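Along the sequence shown, residues carry numbers from 1. In each ligand, atom 1 is the first atom listed, and ligand 1 is the first ligand listed. A quick note: this is a predicted structure, and the numbers were derived from the prediction, not measured.
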Amino acid sequence: MLACVFHGPGNLKVEERPIPKPGEGEVLIKTGAASLCFSDIRVFRGEKSARQGVIQGHEAAGAVVSVGAGVRGIAVGERVAICPIMACGACYFCVRGLRNRCFNRKTLGYDADGGLAEYILIPRELVEMGHLLKVSKDLPDEMACQTEPFACALYSLETCGVGAGGSLAIVGAGPMGLIHLLLAKAMGCKTIIVSDPVPERLAVAYGLGATFTNNPRRHSLAEDVLTLTDGLGVDAVIVSVGAVAAIDSGIRALRKQGTLNIFGGCPPGSMLSLDPNLVHYNELWITGTQNANPEHYQRALAMLPMLTQAPKLITHRFPIADAPKAFDLRSSLDGLKAIIDFPS
Ligand SMILES: [Zn+2]
Ligand SMILES: [Zn+2]
């Protein structure tokens, strides 16, 4: 089978690998589609670590083609999306259902072979934890494979308490910012301001239903937000770019008792300087979210067929042989979601 293998920063090769055979408790999936995440690009750039020799990709969906001995609840022929978290099930966080914070967490595409290959061997701990999610007939693989980013954004929005009638600013109109936008709209958020320095991305955000767009090179986000909200500020700000300046401007757009979520990882060594009185006197909440829990995956997967605009985020498709081209494209911040399609 063809697989896109990480050999260290900047060194990605499409190679022939043997098709794995599922051992006890394991499941083999024939990949239908996989999508590229900006965190894959961060690994490629050396900003985030992954095991050398690992098959990259943690956003994938496909069909079960064989199951190992002792596998229950999953049958050959079923279509599944993957929650790529391998959790221990026994640590402080796991017993509280917070598997994304597991002390012994491993992740498909980083520590174990992931989805950028014609077949994916699903490890036993992932199968046993119920991290293979059944996909309904009305959802194609190229949307089902994006369950992970939609789950991450759903968790992020819920952490910020975003809901019906609320107001939200999203800093960064890349794929994750736009996924936040689609979900926030579906959750009934009334006012959604999207900020990005790239005019084409703002046009996409507007087309997808942003109430207002802000270009921080032209206007301060905080000033635009205060004008739009009669001086109140927004309930929540999601910072969906890995940049300290974006966090700084986001904090100033919050209303009193508002919540800011640092959703995007920043380059190592980044430092944020913050006026503590801004937090104290305005009673601000500043938090972070990373990945999501299986519950968010289940609910995001259930929402995906209703998000009729979501397929518009797919701007590029590549065969697995050209996977490195998808990395180059996303590295240069061109396009939105890049999909690796696999012929059935
Ligand atoms: Zn992802
Ligand atoms: Zn654990």
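Remark: Lys106 does not engage Glu125 in a salt bridge, criterion side-chain N to carboxylate O under 4.0 Å. At a threshold of 4.0 Å, the pair Glu295-Arg99 does not count as salt-bridged, since none of the basic side-chain nitrogens sits closer than that to a carboxylate oxygen. The existence of a salt bridge linking Arg330 and Asp334 is excluded, since no basic side-chain nitrogen approaches an acidic carboxylate oxygen closer than 4.0 Å. Salt-bridge check for Asp341 with Arg317: passed, with a basic side-chain N closer than 4.0 Å to an acidic carboxylate O.
Protein-derived N/O/S atoms nearer than 2.8 Å to the Zn ion (ligand 2) total 4, waters excluded.
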Applying side chain to side chain contact (heavy atoms under 4.5 Å, CB included), run through Met303 and Leu183 and close with a yes or a no. CA-CA 9 Å; Met303 282 181 85; Leu183 282 170; 3.7 Å; yes
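Expressed to the nearest 10°, the angle at the Zn ion (ligand 1) joining SG in Cys37 with NE2 in His58 is 100°.
The atom name of the N/O/S atom in Glu59 closest to the Zn ion (ligand 1) is OE2. Nearest N/O/S atom of Glu148 with respect to the Zn ion (ligand 1) is recorded as OE1.
Scanning for side chain to side chain contact (heavy atoms under 4.5 Å, CB included) contacts around Leu98 gives Phe93, Arg96, Asn100, Asn293, with sequence neighbours left out.
Residue Cys152: no N/O/S atom is found under 2.8 Å from the Zn ion (ligand 1).
Donor-acceptor pairing under 3.5 Å is recorded for the side chains of Glu283 and Gln257.
Taking every heavy atom of both residues into account, Asp235 and Gly166 meet most closely at OD2-CA, 3.3 Å.
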